[in-house]
Amino acid sequence: MFYDFKNIEKKWQKRWQDEKAFCAEQKSDKEKFFALIEFPYPSGAGLHIGHPRPYTALDIVSRKKRMEGKNVLFPIGWDAFGLPTENYAIKNHIHPRQVTENNVARFKEQLQSIGLGFDWDREINTTDPNYYKWTQWIFLKMFEKGLAYKTTMPVNWCTSCKCVLANEEVVNGVCERCGSEVVRREKSQWMLKITAYAQRLIDDLDTVDFLPRVKTQQINWIGRSEGAEVDFTTTEGETLTVYTTRPDTLFGVTYMVMSPEHPYIEKWADKISNIESVRAYRQEAARKSDFERTELQKDKTGVKLDGVCAINPVNGTQIPIFVSDYVLMSYGTGAIMAVPGHDTRDWEFAKKFDLPIIEVVAGGDIEKEAFTDCETGIMVNSGFLTGLSVEDAKVAIKKWLEENGKGHTKVNYKLRDWVFSRQRYWGEPIPLVYCEKCGWVPVPESELPLRLPEIDSYEPTDNGESPLSKCTDWINTTCPHCGAPAKRETDTMPQWAGSSWYFLRYIDPTNNDALTSKEAIDYWMPVDWYNGGMEHTTLHLLYSRFWHKFLYDIGVVPMSEPYAKRTSHGMILGENGEKMSKSRGNVINPDDIINEYGADTLRLYEMFIGDFEKAAPWSASAIKGCKRFLDRIAAMSDNIKPGKEYSAANESAMHKTIKKVTQDIEGMKFNTAIAAMMALINQFDKNGVNEAEFKTLITLLNPFAPHLTEELNEKMGDRNLLAKTQWPVYDEAKTVESTIEIAVQVNGKLKGVVAVAADASEDDIKATAQADEAVAAALQGMNIVKVIVIRGKIVNFVVKPQ
RNA sequence: GCCGGUGUGGCGGAAUAGGCAGACGCAAGGGACUUAAAAUCCCUCGGUGGCAACACCGUACCGGUUCGACCCCGGUCACCGGCACCA
C-alpha cells in the first residue's frame, strides 16, 4: 500500500470529529481517567515544535486508557489573557479580543492537524466572560476571607515601555522586550496571601505522586527554615528583634545589622547622632536596582549607627548596630545579629569594618574564613553552652530564651505573597469598588461577570495606571454597600489567574450556577495525570495548588490537592543543541514537518527523539527513520498471511512486545516502546506476519500513529474505529521462550554463550556451560573454586591455576 | 555559593532488586536492483593489534566493595537547569 498520509490524515480526523470519538461521557459507570496538559497561550507565532511533545505523550496515555475501557477526559482550552496579545493589538490597531480569536483559530487548526484526541466539546477560554466570571468569583471569596489585600510595595517599572513588569519579565535588570532599564517604583498592589498556605503546600506534597525534582524545587522555593526570634535591647531601652537559624551562636555576636528600610531608623532618628549619613545611605540603597544589589555582593557597604548600641541578652556585652543593604527588609524581622565567626556574609562585613570575630564552634580557622559547616561541632567561648554539641546547644538556648523572656522559636519561609494586580487592559477586571465611606467593597455575585469594557486605546499610561483608568464611564459607579458614588478598581488580574483553576471548568464547562457541579467534582477529580513544563513548577503549579486548597477550605472541592500525579517533559532544542529561537535561526515549524512527513511521523519522532523527561535536539535526518518505519508497515499490509492466532514463530515476541509497550507507556518510556515495535517488524520481515499479529501491532501503534493505523485497520476489513478496540493483553507465561541463552564467564570474563532449556536445573546449566568449547579451553588446567549460577542470566566459574 | 539533574560509539539514545555494554534509530562505507538517480533490499559499523580464529582495552576521572560494577560506596572534574546577601 502506498502511504498517502495527507489524505489518510484528513479522512480520519474528520471521522473522529463526526463521531465525537474522543468526547468523554459526563456520567458513566466506567472508571474515569482525567489526563491534563498545560493549556496553551495562543501566541501569534503559532504552534511551536515543542508543543506536540507533551501533548502527544498524554494523548498516547489517554488513548491507551480509553482502549483499556476507561472513561477518559483529555480536554483542551486557551489561556488567552496576556501581555503579548495586548502589545500586538496596540502595535497593529486590532482589538485584543480579535487577536485572540485569530490566534485561537490558528492554534486549533494546528492541533487538530496533529490528530490529538482532545475532547473539543469542552473547549474553554479564559477570556470568555462565562469563564472569567468564576475567576472573579474565586477572587471575591478570597477577598471575603481576608486572603486578598491591598498594600504599597515596590514594583518593576520599565522606563521605556512606561509600564509595570512582572518579575519574570525582567531579565538581568532590563526589560525583556525592549532592553531598557528597569527601576523600582512604589505602587499600591493587590496581593494574595499564599504565605498563609506555605506549610500546607510543603506538607501535602507527601500525599501526591509528583516527580521528585518537582517536589524539591517547590520545597526550596517555599524555603522553610527553623530558628528563633531573639530580643536585643538597646542602650536607649528600645527592643530590636532579630530572626536567626543559629541561636546557639549567640555568644559569637559582635554587632547587629538593620536593613536600610527598617522603620526603626526613623523611629530612633533623634537618638542617632549621624542620622544624616544613615539617611544618605538608605537613599543610595533605594536607588540601586535588585540587579545592582546582587551584582555588588562581594563588596559589603554600610553605616554604623552612632549613639545607639545593642546589648547581647546572654552576656550583657555592648555591641554596635549597623545599617547595610545586605540585610533584606522582606525576610525575617529586617534585622540580624551578626556572627562573623560562622557566617560568610557577616565575616566579610566584619573584615571590612574591622569588627571582632569570635569563634563559638570549634573546628574551623576563623582567621581565614567563616566556619559555617559546623553543625556537628562542639561549642566554645559560649558561657553556659560551652562544651555542648551544636545540636544540644540549640535546644538549651531556645529553652533559656523562653524562660528569660528574651525570645522564642520561630519558623520562617522565603515564599512571599503573590503580587496579583497588573496595570494592563487584557486581563480579568478585579471585581471591587472603592467607596470613600465603606472602603473596598466587592461587586455583588449577581453582577458577575464584571465585563472588561470595550475601549479604543489600551496603551499603557505615563503614570503607571491601568488603561482602564481612562474609561470613566466604566469606573464611575455606585457603592454596592451604601449607594454613594464610588469608583471601580482599574487594575486587572495577572495571566496566572485564569490558569489557577481551569481544570475544574473542563469537568462541567457550561455550568452557569457554579464554577463546576458537585457531581462532576466527585466523579472527575482529582486530575489523574498532569504533565507540564518545569518552568511552571514554582509559578502556575504552586499557584493552582494554593487556589485549590483555598477552594477546599471553603468547601467547594472535597480534596486538598488537585493533581494526583505530575510529570514533566524536556525541551526540544534546535539541531545545534541550542534553544530554538528566531535570532538563532534554528526554528522548526510543525506545519512544515506535517506537510513533508505527515502528522503520524511527527508524533512518532517526537516520542522517539529521546528520554521524554530530558531535552533533545531536533534532527532533520533522524525523523526519516520514523517515516521509514511507517512506510514499512504500510507496505507490510500487502503481505499478511491468514491466521486468527499468533504463529509459533512470533508468539513469544508478540507477548513480549505487548508487555513492553504497555509498561513503557505507563512509565513515559515512549522511545523504548517504539523501539520494541520496530524490533517486532524486523522479526516480521524474517518470519512473516499473519492477521492476528498485524492487528496487534497496529493496535499497539495506534496511540502513537493513529491515522495510519486506522487506515490499515479498515483495510483489514474492520468497520469500527481502532481507537475503540480493546488494548491487547499479554500472557506472562508466553513472554518466555522455551530455550534461553546464558552467558558463561570465567573469573568474570565472558567466554561463551550457551543455550539451555528455560526450566533447566542449575546442574544442567553448569554441565552445559562446561561442555562449551571455549569455556572448556578456559577451564583447562584450572581449579574451580566456586561456581555462581544465576538462572536465566549467567554462569560464572571462579578458578585458580592448579 | 546552595539545591536538583546529567556525563555511555561519528550522532540521538538503550541496558540499573549489580549479571552478555552499545537495543532501536540516524549518519557513514560496501553490495543488489536501475540506462541513471531517488526509493527499496542485503552486509559492515566502539577502539587497538592480527590474514584469521582470537587477544587486549573501553560507560567523564581516581579509588573502594564484589565471583561480577554504566549501575552500589568515597573523592575529583565538566556540563545543564533552578535559586541566590533569605540570616
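Keep in mind the model is a prediction, meaning the values are calculated, not measured. Every chain is numbered from 1 and lettered A, B, ... according to where its sequence line falls, protein lines coming before strand lines.
Distances shown here put every side-chain N or O of A:Arg628 at or beyond 4.0 Å from the OP1 or OP2 atom of B:C24.
Contacts of A:Arg791 with the nucleic acid, taken as non-hydrogen atoms under 4.0 Å apart, are absent. Using a 4.0 Å heavy-atom cutoff across all strands shown, A:Asp631 reaches no nucleic acid atom at all. Within the nucleic acid shown, A:Ile788 comes within 4.0 Å of at least one base atom, counting heavy atoms only. As judged by a 4.0 angstrom heavy-atom cut-off over every strand, A:Ala622 is placed among residues touching the sugar-phosphate backbone only. Residue contacts shown for A:Ser621 are limited to sugar-phosphate atoms, with no base heavy atom under 4.0 Å away. As judged by a 4.0 angstrom heavy-atom cut-off over every strand, A:Asn671 is placed among residues touching the sugar-phosphate backbone only. Among the atoms of the strands shown, none is found under 4.0 Å from any heavy atom of A:Asn412. Counting non-hydrogen atoms under 4.0 angstrom, A:Ala615 reaches the backbone sugars and phosphates but no base. Among the atoms of the strands shown, base atoms are found under 4.0 Å from some heavy atom of A:Lys414.
Nucleotide B:G58 carries an anti base; the chi torsion (O4'-C1'-N9-C4 or O4'-C1'-N1-C2) is more than 90° from 0.
Within residues 212-228 of chain A, the residues having any heavy atom closer than 4.0 Å to RNA chain B are, in order of number, A:Arg213, A:Thr216, A:Gln217, A:Asn220, A:Trp221, A:Ser225.
Residue A:Ala616 has its side chain nearest to B:G13 when only B:G13, B:A87, B:G19 are considered. Considering only the side chain of A:Lys300, B:C85 comes nearest among B:C85, B:A15, B:C20.
Identified under the side-chain hydrogen bond (donor to acceptor under 3.5 Å, both in side chains) test for residues 619-630 of chain A, with sequence neighbours left out: A:Ser619-A:Ser621, A:Lys627-A:Asp631.
RNA chain B forms stems at B:1-7 with B:77-83, B:10-12 with B:24-26, B:28-32 with B:40-44, B:46-49 with B:54-57, B:60-64 with B:72-76, each a run of 3 or more consecutive Watson-Crick or G-U wobble pairs whose two key distances fall under 3.5 Å.
Side-chain contact between A:Thr245 and A:Glu226: absent, with no pair of heavy atoms (C-beta onward) separated by less than 4.5 Å. Using a 4.5 Å cut-off on side-chain heavy atoms (C-beta onward), A:Phe349 and A:Pro340 make no contact.
Every residue two or more places apart in sequence or in another chain that forms a salt bridge (Lys or Arg N to Asp or Glu O under 4.0 Å) with A:Lys368 is listed here: A:Asp365.
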(message) Return a single string for nucleotides 42-50 of chain B, one symbol per nucleotide in 5' to 3' order, where B is base contact, S is sugar-phosphate-only contact and - is none, cutoff 4.0 angstrom on heavy atoms.
(response) ---------

(message) What does the B/S/- profile of nucleotides 70-80 of chain B look like, 5' to 3', with a 4.0 Å heavy-atom cutoff to protein?
(response) -----------

